[in-house]
Protein chains: 2
Amino acid sequence: MTGRTDARRNRARLVEAARELFAEVGADAAAMNDVARRAGVGPGTLWRHFPNKEALLAEVVGQSLDGLAELAAELLRTEPEGFLRRWVDALVAHITRNRGLAASFMRAAEHGEGPLGTRCHAVELAAAELLARAQELGEARADLTAAELIRLATAVAWTSEATEGDPVRMLDVLFEGIL
Amino acid sequence: MTGRTDARRNRARLVEAARELFAEVGADAAAMNDVARRAGVGPGTLWRHFPNKEALLAEVVGQSLDGLAELAAELLRTEPEGFLRRWVDALVAHITRNRGLAASFMRAAEHGEGPLGTRCHAVELAAAELLARAQELGEARADLTAAELIRLATAVAWTSEATEGDPVRMLDVLFEGIL
DNA sequence: ACCTGAACACCGTTCAAGT
DNA sequence: ACCTGAACACCGTTCAAGT
């Protein structure tokens, strides 16, 4: 948090450039050097700020990923039923928004490592709370795990990367099994 | 089918080398040049025989993919119930066997193009037959499509690429919804 | 006809040189 | 401290030269 203005400005520029490029061509297809060029810095600067692509991705999707945890708390308060489906819809929508995120998210959620890993952990905790409540109400099968729920939701999100179709139908089928 | 011995031998060597390398490091991580080197030929020879990686992949997984169609017919004859789940298990097992196949399979099954595409079409026809019979028996929800079934099965198979866990639980949850 | 392998373009990643 | 950008390794892909 030292090196004043230019470092901070470069970092912000990099995240912004990454967000744009990821949105345009997908997180997997985006070249790191292109991110740097778009941000107007050298490749070295990019690597200094973010040691790998996942770190950059984590920064780009970070806030909205945190938003999922907040959404869970809110749904528990306001939505007496159907909150689990609502939340999974939101999760899938979020993953789908960044093409190429599904694979990284799955890896991070599974191993829990890396900068995305810690964010995923928060998401999983939120899922666990929702799931527990849903199971109390009989709205979800009792043997389902939060990790499994996220795995399945991520898989469905991945589906629509190749499919171009909306994942609603997939989720319908999935939830008939979950409840 | 002209150019005699060496061409045929090279082709066979390439497929064999690809099968080995795909099994070792995954179809996505395997470098085309490495396949050529392992086969003892130049890169150009590889590209002459297979215009892209998908063509090579199609050749490697071809027979077992065709085997799925045969299995469907056999299950319809011998297995009075539970044949749909049996077949989907086999499909998932097959995709899981080659790490990196899931993504290619999904693309091919969706768009129907390329050398994998035609194989996938045969698989989908087999799935449609099984599904129709299962729906008659009330073992599958009536609004489910063969394409959707394959999409879901492929998604589950993809799950276990990152997870290292077996996909049985995922399929259990899925089928509770399907039936 | 078919094969070879050098060559090009591209991308991830590093690092010596600058300020 | 931080940035720059040349440089290296690697991989997909092509193609002129060979047989």
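Bear in mind that the values here come from a model prediction, so they are computed numbers and not experimental data. Residue numbers begin at 1 in each chain, while the letters A, B, ... track the order of the sequences.
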Inset, instruction - Using Watson-Crick or G-U wobble pairs with both distances under 3.5 Å, give me DNA chain D in dot-bracket, 5' to 3', with [ ] for crossers and | for pairs to another strand. - result: ||.|||||...|||||.||
Inset, instruction - Nearest-nucleotide wise, let me know which of B:A29 and A:V41 is further upstream toward the 5' end of DNA chain D. - result: A:V41
Legend entry - Nucleotide nearest A:T45 (side chain, heavy atoms from C-beta), chosen from D:dG12, C:dC2, D:dC3: D:dC3
Inset, instruction - Describe the nucleic acid contact of A:A30 in one word from base, sugar-phosphate, nothing, applying a heavy-atom distance below 4.0 Å. - result: sugar-phosphate
Inset, instruction - Between D:dC2, D:dT14, C:dC2, spot the one nearest the side chain of B:P43, thanks. - result: D:dT14
Inset, instruction - Would you please confirm or rule out a distance under 4.0 Å between OP1 or OP2 of D:dC2 and any side-chain N or O of A:H49? - result: no
Legend entry - Value in whole Å for how far the P atom of C:dC10 lies from CG of B:N33: 17 Å
Legend entry - Spacing between B:E54 atom CD and D:dG12 atom C1', to the nearest angstrom: 16 Å
Inset, instruction - Figure out the CG/C1' separation between A:D6 and D:dT4, and round it to whole Å. - result: 12 Å
Inset, instruction - Please report the shortest heavy-atom distance between A:H49 and A:L14, naming the atom on each side. - result: CD2-CD1, 3.9 Å
Legend entry - Closest-nucleotide 5' rank along DNA chain C - winner of B:G40 and A:W47: B:G40
Legend entry - B:L125 reachable from B:L68 in the ILVMFWY side-chain graph, under 4.5 Å edges: no
Inset, instruction - Salt-bridge test for A:D6 and A:R11: reply yes if a basic N is under 4.0 Å from a carboxylate O, no otherwise. - result: no
Legend entry - Straight-line distance of B:Q135 CD to B:E139 CD, nearest 0.5 Å: 11.0 Å
Legend entry - Distance test, side-chain N/O of B:N10 to OP1/OP2 of C:dC3, below 4.0 Å: yes
Legend entry - For the student: nearest non-hydrogen atoms of B:G100 and B:S104, plus distance: O-OG, 3.9 Å
Legend entry - From CA spacing to verdict: side chain to side chain contact (heavy atoms under 4.5 Å, CB included), B:V156, B:L152: CA-CA 6 Å; B:V156 167; B:L152 285 164; 5.7 Å; no
Inset, instruction - For A:L46 and D:dG5, give me the distance from atom CG to atom P, rounded to whole Å. - result: 14 Å
Legend entry - From CG (B:L56) to CH2 (B:W47), nearest 0.5 Å: 9.5 Å
Inset, instruction - Could you check how far CZ of B:F50 sits from C1' of D:dT14, rounded to whole Å? - result: 18 Å
Inset, instruction - Could you state the atom-to-atom distance from CZ of A:R37 to P of D:dC3 in whole Å? - result: 19 Å
Inset, instruction - Return the value, rounded to whole Å, for the distance between atom CG of A:D28 and atom C1' of C:dG12. - result: 15 Å
Legend entry - Separation of D:dC2 C1' from A:R48 CZ (nearest whole Å): 6 Å
